[in-house]
Colleague: 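One structure coming up, written as structure tokens, with questions to follow.
Residues: numbered from 1 along the sequence shown. Note that ligands are numbered from 1 as they come in the structure, with each ligand's atoms numbered from 1 the same way.
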Amino acid sequence: MTLLYIPLILIGILLIIAGLLILADYLLGGGGDRTLIINEKKEIPVSGSDTLLNTLSDNKIFVPSACGGKATCGFCKVRVDEGGGEIKPTEEPFLSKEEKKNNVRLSCQIKIRENMKVSIPEEMLEAREYKVEVVKIEALTYDTNLVRFKLLEPSTMEFKPGQYAQLKVPGIDIIRAYSIASNPKNTNELEFIIRMVPKGQATTFVHKALIEGDKIILTGPYGTFYLQEDSKRDMICIAGGSGKAPIRSILSYMKDRGMKRKVKYFFGAVAKRDLYYTEEMRALEKEFENFTYIPALSEPAPEDNWEGEVGLITDVVDRHTEDLSEAEAYLCGSPGMINACIDVLNKHKIKEENVFYDKFS
Ligand SMILES: Cc1cc2nc3c(=O)[nH]c(=O)nc-3n(C[C@H](O)[C@H](O)[C@H](O)COP(=O)(O)OP(=O)(O)OC[C@H]3O[C@@H](n4cnc5c(N)ncnc54)[C@H](O)[C@@H]3O)c2cc1C
Ligand code: FES
């Protein structure tokens, strides 16, 4: 008989725990009404216990968030002028001493538990949400696809060559950053070069589920990695894998504008099967008088019959590079590749302020 009461007692305990959790959330600010003030202008009423990043996004303010709030990209920085609590351990690796002094925080790590005031740079407020339709998917290699989207609503996006957009994976609502690979003159269609990451959530969706005609959501444009248009410096570009995407946008823009800057472009791959757009780059060399394309393979297969550059991209860059004290560098690819390339560029006396990069983390 007493055994019959055990499930009832357990349910009672669970209800009490749930009640205590709700009460704790309320007392910590999760249930009350608060106000978020942006740039001393826009006032947003807040209820619930979402993060600052998500609250901004719900109100159509799209702060860059390449990792989708996992505290691994460090892109979602805003200045907190009031509220926000203490800096969390997850924020520490991304904040410099100067940023901490200026109350810069990762918006994905802050819950709005009290009234808050934040400052967001005006250029960040330019990012919008776009409904887009897939109009072309093309395999560039065994693991890399070109995906072209037509912008439906709004129907155009202005962006700088080198910038990126964020793709929202429907259903699981995760967000990932992808550099725009097309020429900024095409404001109604955007191209992306997306490389499959084994077991990757977004890339599995793009490679295995996305088909022509699908409609999804993008936000953008984002990023401070873009062509320095007013500069006349010689350029050295280095990319690996899908890092070719933003460099392609930069080069096609420069060709269209008749820019005469000298450009040396190093592209690192493992074997011949990882190369793509070689023809396009060779054609560009003919049309764009000061442009040189140097693909390099780190482990060419015997059947590749490769007669081009062999070795790690850092060694190839080192061999082909002289004094860079007056040059500008554009780097794109994995964080490890970029860090190693910066060491080589430093050896050739590049100035820190002339190095621009996007780490595909
Ligand atoms: C500014 C910016 C621009 C970017 N532009 C591009 C682009 O143009 N094209 C492109 O393909 N990618 C680009 N990326 C990378 C992209 O945002 C995703 O990180 C990548 O596609 C993996 O996402 P996922 O959801 O499939 O993998 P996840 O589910 O996030 O990761 C699955 C696992 O794979 C590991 N992993 C994640 N990324 C990689 C990787 N690149 N190589 C090896 N292992 C990895 C993770 O640590 C994790 O263990 C860019 C990133 C940034 C920050
Ligand atoms: S969104 Fe990536 S660290 Fe905040």
Colleague: Show the atoms of ligand 1 that are less than 4.0 angstrom away from any heavy atom in Arg195.
Modeller: 11 (O)

Colleague: State yes or no: are the ring centers of Tyr330 and Tyr357 separated by less than 6.0 Å?
Modeller: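 Not close enough - the centres of the two rings lie 6.0 Å or further apart.
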
Colleague: Any N/O of Pro198 closer than 3.5 Å to an N/O of ligand 1?
Modeller: no

Colleague: Answer with yes or no whether the side chains of Ser242 and Arg195 bring together a donor and an acceptor at under 3.5 Å.
Modeller: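 Ser242 and Arg195 do not have a side-chain donor-acceptor pair below 3.5 Å.
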
Colleague: For atom 9 (N) of ligand 1, what is the closest protein heavy atom, and at what distance to 0.1 Å?
Modeller: Ile193 O, 2.8 Å

Colleague: Hey, which atoms in ligand 2 end up nearer than 4.0 Å to a heavy atom of Cys67?
Modeller: 1 (S), 2 (Fe), 3 (S)

Colleague: Verify the contact flag for atom 39 (C) of ligand 1, where contact means a protein heavy atom under 4.0 Å away.
Modeller: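 True for atom 39 (C) of ligand 1.
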
Colleague: So, does Lys244 use its side chain to make a donor-acceptor pair with the main chain of Tyr276 at under 3.5 Å?
Modeller: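 Judged by distance alone, yes, a pair lies under 3.5 Å.
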
Colleague: Which heavy atom in Leu275 sits nearest to a heavy atom in Pro295, and how many Å separate them?
Modeller: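 Reported closest heavy-atom pair: CD2-CB, 4.1 Å.
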
Colleague: Would you kindly say whether Lys42 and Asn59 are connected by a side-chain donor-acceptor distance under 3.5 Å?
Modeller: no

Colleague: Heavy-atom contacts under 4.0 Å between Tyr164 and ligand 1: side chain, backbone, both, or neither?
Modeller: side chain

Colleague: Any non-hydrogen protein atom below 4.0 Å of atom 46 (C) of ligand 1?
Modeller: no

Colleague: Any idea which of Gly162, Ala181, Ala177 brings a heavy atom closest to atom 14 (N) of ligand 1?
Modeller: Ala177

Colleague: What residue and heavy atom of the protein are closest to atom 10 (C) of ligand 1, and at what distance?
Modeller: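 Closest protein heavy atom to atom 10 (C) of ligand 1: Ser242 OG, 3.1 Å.
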
Colleague: Does an N or O anywhere in Ile174 fall below 3.5 Å from an N or O of ligand 1?
Modeller: no

Colleague: Enumerate the atoms of ligand 2 whose separation from the nearest heavy atom of Ala71 is less than 4.0 angstrom.
Modeller: 3 (S)

Colleague: Going by the atom numbers of ligand 1, which of them fall below 4.0 Å from some non-hydrogen atom of Lys70?
Modeller: 30 (O)

Colleague: Where the side chain of Ser65 meets the backbone of Gly68, is there a donor-acceptor pair that is under 3.5 Å apart?
Modeller: no

Colleague: Tell me the contacting part of Lys244 for ligand 1: side chain, backbone, both, or neither, using a 4.0 Å heavy-atom threshold, strictly below.
Modeller: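 Neither part.
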
Colleague: Classify the ring geometry of Tyr293 against Phe267: parallel below 30°, tilted from 30° to 60°, perpendicular beyond 60°.
Modeller: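 If you compare the ring of Tyr293 with that of Phe267, the planes turn out parallel.
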
Colleague: Looking at Phe62, is Arg128 sitting on its ring face, NZ or CZ under 6.0 Å from the six-membered ring centre and within 45 degrees of the normal?
Modeller: no

Colleague: When you measure from atom 3 (S) of ligand 2 to each heavy atom in Ala177, Pro64, Pro93, Gly74, which option holds the nearest one?
Modeller: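 It is Gly74 that holds the nearest heavy atom.
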
Colleague: Protein heavy-atom contact under 4.0 Å for atom 5 (N) of ligand 1?
Modeller: yes

Colleague: Below 3.5 Å, N or O to N or O, backbone or side chain included: is there any such pair between Arg176 and ligand 1?
Modeller: yes

Colleague: At under 4.0 Å between heavy atoms, which part of Thr144 makes contact with ligand 1: side chain, backbone, both or neither?
Modeller: neither

Colleague: Answer yes or no as to whether an N/O/S atom of Cys108 is found below 2.8 Å from atom 4 (Fe) of ligand 2.
Modeller: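 It does: Cys108 brings an N, O or S atom closer than 2.8 Å to atom 4 (Fe) of ligand 2.
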
Colleague: Go through ligand 1 atom by atom and flag the ones less than 4.0 Å from a non-hydrogen atom of Ile194.
Modeller: 11 (O)

Colleague: For atom 43 (C) of ligand 1, which candidate among Val169, Thr204, Val197 holds the nearest heavy atom?
Modeller: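 That would be Val197.
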
Colleague: Identify, for atom 29 (O) of ligand 1, the protein heavy atom at the shortest distance, and state residue, atom and that distance.
Modeller: Gln201 N, 2.9 Å

Colleague: Looking only at atom types and distance, does a side-chain atom of Asn102 sit under 3.5 Å from a main-chain N or O of Glu98, one as donor and one as acceptor?
Modeller: yes

Colleague: For ligand 2, which atoms have a heavy atom of Gly69 less than 4.0 angstrom away?
Modeller: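 The atoms of ligand 2 under 4.0 Å from a heavy atom of Gly69 are 1 (S).
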
Colleague: Can you list the ligand 2 atoms lying under 4.0 Å from a non-hydrogen atom of Cys76?
Modeller: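 Listed by number with element, the hits are 1 (S), 3 (S), 4 (Fe).
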
Colleague: Under a 4.0 angstrom heavy-atom cut-off, which atoms of ligand 1 come close to Lys359?
Modeller: 52 (C), 53 (C)

Colleague: Which protein non-hydrogen atom lies closest to atom 19 (O) of ligand 1, naming both residue and atom, and how far is it?
Modeller: Ser361 O, 3.4 Å

Colleague: Under 3.5 Å, is there a donor on one side chain and an acceptor on the other for Asn103 and Asp81?
Modeller: no

Colleague: Taking only heavy atoms of Ala66, which atoms of ligand 1 are found under 4.0 Å from at least one of them?
Modeller: 53 (C)

Colleague: Run down the list Tyr178, Phe205, Tyr357 and name the one with the heavy atom closest to atom 20 (C) of ligand 1.
Modeller: Tyr178

Colleague: Spell out, as yes or no, whether a donor-acceptor pair under 3.5 Å connects the side chain of Asp318 to the backbone of Asp315.
Modeller: no

Colleague: Are the side chain of Asn188 and the backbone N or O of Ser155 linked by a donor-acceptor pair below 3.5 Å?
Modeller: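 Answer holds: yes.
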
Colleague: Within the structure, does Ala202 bring an N/O atom to less than 3.5 angstrom of an N/O atom in ligand 1?
Modeller: yes

Colleague: Using a strict 4.0 Å threshold on nitrogen-to-oxygen distance, state whether Glu285 and Lys264 make a salt bridge.
Modeller: no

Colleague: Ignoring hydrogens, just give me the one of Ser179, Gly336, Cys332, Gly200 whose non-hydrogen atom is nearest atom 8 (O) of ligand 1.
Modeller: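 Closest candidate by heavy-atom distance is Ser179.
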
Colleague: So, regarding Thr203 and ligand 1 (criterion: nitrogen or oxygen to nitrogen or oxygen, under 3.5 Å), is there a contact or not?
Modeller: yes

Colleague: Just by distance, with hydrogens left out, do Tyr253 and Glu229 show a side-chain donor and acceptor under 3.5 Å apart?
Modeller: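 Indeed, the side chains of Tyr253 and Glu229 share at least one donor-acceptor pair under 3.5 Å.
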
Colleague: Glu328 and Ser231: side-chain donor and acceptor closer than 3.5 Å?
Modeller: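 Distance-only check passes for Glu328 and Ser231.
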
Colleague: Quick one: sort the Phe291 and Phe288 rings into parallel, tilted or perpendicular, breaks at 30° and 60°.
Modeller: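 The arrangement is parallel - the two ring planes meet at less than 30°.
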
Colleague: Return the minimal non-hydrogen interatomic distance between Thr35 and Asn115, and the atom names on each side.
Modeller: N-OD1, 2.9 Å

Colleague: For atom 51 (C) of ligand 1, which protein heavy atom lies nearest, and how many Å away is it?
Modeller: Phe360 CA, 3.6 Å

Colleague: Keeping Ser107 on the side-chain end and Cys76 on the backbone end, is there a donor-acceptor pair under 3.5 Å?
Modeller: yes

